[in-house]
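The analysis underlying the following values was restricted to heavy atoms, covering all of them including side chains, and did not include hydrogens, waters or symmetry mates. A, B, ... follow the sequence lines: proteins, then strands. Residue 1 opens every chain.
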Amino acid sequence: MSELLLNLNSVQKAAVLHREGPLVIFAGAGSGKTRIITTRIAYLINHGVLPWEILAVTFTNKAAEEMRSRAEALVPEAKRSLITTFHSACARWLREFASELGFDNHFSIYDDQDSSRALKQVLKELHPKGDLPTLVAEMRGFLSYIKTAGIFPHEAEQFALDYPQMVPTGGVTVYRLYQEYLAQCNAMDFGDLLLNLLLLLRQNQRVREILSQRYQYIMVDEFQDTNRTQFEIIHHLANRHRNLVVVGDDDQSIYSWRGATPSNIIDFDQTYPDAKRIALEQNYRCTGNIVGAASKLVAYNTKRAPKTLFTEAAAGDAIEVHLEVDGEMEAYWIAERIQSERRTFGFDDIAIFYRTNSQSRSLEEALRRFKIPYTIYGSLEFYERLEIKDMVAYLRLIANESDEISFLRVINVPTRGLGDKAIEQVQQFARQQGIGLMEAVRRLVQAGTPKIGPKLKYFHDLLAALKDDIRSSPLQEAVKILLEALEYPDYLKKKFPDQYTDKIDNIQELAAGMSEYAKRNPEAHLEDWLQAVSLVREDTETASIGGVSLMTLHMAKGLEFRRVYIAGLEDGLLPHKNSMDDPSSLEEERRLLYVGITRAKEKLSLTCARRRRTYNTEMVNPPSRFLREVPQEFIEFTLKAKELFEPQAPSSLHARYVYEDDEEATLEAGAKVYHPTYGPGIIEGFDDHFGQRKAIVRFRDFGYRKIRPSQLHAGSSSGRSP
DNA sequence: GCTATCTAATTTTTT
DNA sequence: ATTAGATAGC
């Protein structure tokens, strides 16, 4: 008996030992699913499977990294298996076969910001007078949806006929033009990495043969979050050997708004009728109370595969529920609590989760006041910072001169007299001649175009020199060469005098990361590094600081902490107000809380605030409806919460809170009101204005106003004429 | 063409 | 409050 299998329960063992054919594993939270995948990889390798015949895909770099290192710890050969994210696997295959699609294998990868800019270029030409920001926003949503659904431009027409409500006016044309523009730029957005690979697999028999032959054993983690495109890719890859194991938990599906279809896992056996099915329902992570609360909560969902998570662990501490007067006090309470428990839970053991990023500010302030170290995950992305984007854009343009989005970004950075007018002239010339922007620059320089000719020549020569210089130097020098050639520090100092040091530090960090990368991958070229930074976003600086972890509930998936706080359990925040009216969105909000709760190994606190300032207005939200769905037996109310919650009568929670006094009884948030001067509006919240209570009303025609409730009539029109 | 000022928009966002 | 992006004025 292999020692790998020690300490596995019989169900886990069955999952690991599964050899041929499709298998779907429903793995509840904390049931050891990463362990199963890694152990299975090790087991396969120990039993004659070649490491490079194994493919394991996940969604996040973090998860992939974890999986890779754990598998390697079991068998060192696992480092030759392909254990990575969907996007980076696809990017790798696309580089291999780019030419089959008419792409150069130095193609750029566009992040959301780049792709918005590309879309803007397309729309600007199509609707010169249109409201660009609105159009871009509308089309972005449509494009990301249609790409995750695996629908190609040539199929979009039919799709628009079948589902007209899903397609904005002109959407089909924009989709086609956008894809053409990206092809012209030799660039792919995140969606294209998947979609273009799917296109290859569908149309190109040679590629399909090679890739489906290559991987004997395929495993996919977090399968509930796959979209249709990903499902179809996996289907093609696994078609030959049919050794496909998918692992997931429909209760943890929290990305349906991004095209994930949990039916991929729930109905897996419709595509694979011979699929075996294993359910892992024993939780090894959390205490009894935490598991109990989470299961009871998620059981309120109507759409889910039936299952019950259980544990043999002791009940442990009760789940703490606390209510505070406002968001600041809530944060203060959490910080104080962390401080008082510091002998039991080290700062690294603790996480605070919240629904929206904007909630992090008050938490940060409170933690700072208590001198508690913390790390915020995923707020200001390192690679989205202006100075980093500038550097990366230059390097991209050097690797791929067709990359027009990078071209447009850097042509006047640092400022060199090539503003909107000049760019317009270059673009128009390019359009006229049917050539790329860089070629247009070359010809305009050659033609000795008046005014902009010399400036363009400077830019062109600079770029050419940079290209030579960087290509002939070791990779780790690239950023340094750029900085000097551009005199970029001077530019930063002039343009951002007070943020200068920060920005230079960031660039230093980029350069350090680059050196590190070059050291680890001695063979790597600029293109490899560019791909890595496009797909991996980690801020090495913040990652090493440690302390209490702050993140959104979405980011928390897949992680675990001994001690967890979830802040802002209020109707309007969790569930979020945009998701409260639609039943299936509401269920997703519930799953979000479920995910948060099940991250806690030992102790959990749920907090909410009566009032909360968001942006500039004060909102009054009732406690989350989800709090009522957690049975009282698992909960301990803090003193403060007790008087307000009345735990013995949970159904009165709302009533007591919202209708606390007569004024709010008739004018609660969300109520339609009518004002004699401003006309119809909706109450968004309340504000205490020097002791006087005012309603924050969003008027149909006059925007937001703070109004004394006595001036408002209930309903959408007044009985009297205004 | 560049800079300063104004305005609108802020759910979540693995890649 | 904050930020990015568009517009108006130098």
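The aromatic ring centres of A/Phe459 and A/Phe407 sit less than 6.0 Å apart. Checked against a 6.0 Å centroid threshold, the rings of A/Tyr491 and A/Tyr488 count as neighbours.
Listed by residue number, there are no residues of residues 221-233 of chain A with a heavy-atom contact under 4.0 Å to DNA chain B.
When rounded to the nearest whole Å, the span between CZ of A/Arg92 and P of B/dT15 equals 17 Å. As a whole-Å value, the separation of A/Arg599 CZ from B/dT14 P is 17 Å. In this structure, the CZ atom of A/Arg416 is 15 Å from the C1' atom of B/dC2, given to the nearest Å. The nearest whole Å value for the distance from the CD1 atom in A/Ile83 to the P atom in B/dT14 is 22 Å. As rounded to whole Å, 15 Å separates atom P of C/dT3 from atom CD of A/Gln113. Note: NZ (A/Lys389) to P (C/dG5) measures 10 Å, nearest angstrom. The distance from atom CZ of A/Phe496 to atom P of C/dA4 is 10 Å, rounded to the nearest whole Å. Spacing between atom CZ of A/Phe190 and atom C1' of B/dT15 amounts to 5 Å, rounded to whole angstrom units.
A/Thr134 contributes atom OG1, which lies 11.5 Å from atom CE of A/Met139 (distance to the nearest 0.5 angstrom). Taking OG1 from A/Thr598 and CZ from A/Arg285, the interatomic distance works out to 6.0 Å, rounded to the nearest 0.5 Å. Here CD1 of A/Ile411 is found 5.0 Å from CG of A/Leu418. Values are rounded to the nearest 0.5 Å. The CG atom of A/Leu119 lies 10.5 Å from the CD atom of A/Glu138; values are rounded to the nearest 0.5 Å.
Residue-level contact check: A/Ala63 touches neither bases nor backbone, having no heavy atom under 4.0 Å from any strand.
Put simply, the side chain of A/Leu593 does not reach to within 4.5 Å of the side chain of A/Leu553, judged on heavy atoms.
Taking both residues in full, the closest heavy atoms of A/Leu194 and A/Cys90 are given as CD2-SG, 3.6 Å, listed atom of the first, atom of the second, then distance.
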Base versus backbone protein contacts along nucleotides 6-13 of chain B [heavy-atom cut-off under 4.0 Å; B, S, -]: ----BBBB

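For the pair A/Arg361 and A/Pro133, nearest-nucleotide mapping onto DNA chain C gives the more 5' position to A/Arg361.
The cationic group of A/Lys62 lies under 6.0 Å from the six-membered ring centre of A/Tyr377 and within 45° of the ring axis, placing it in a cation-pi geometry.
The side chain of A/Lys120 contributes an N or O atom lying less than 4.0 Å from OP1 or OP2 of C/dA6.
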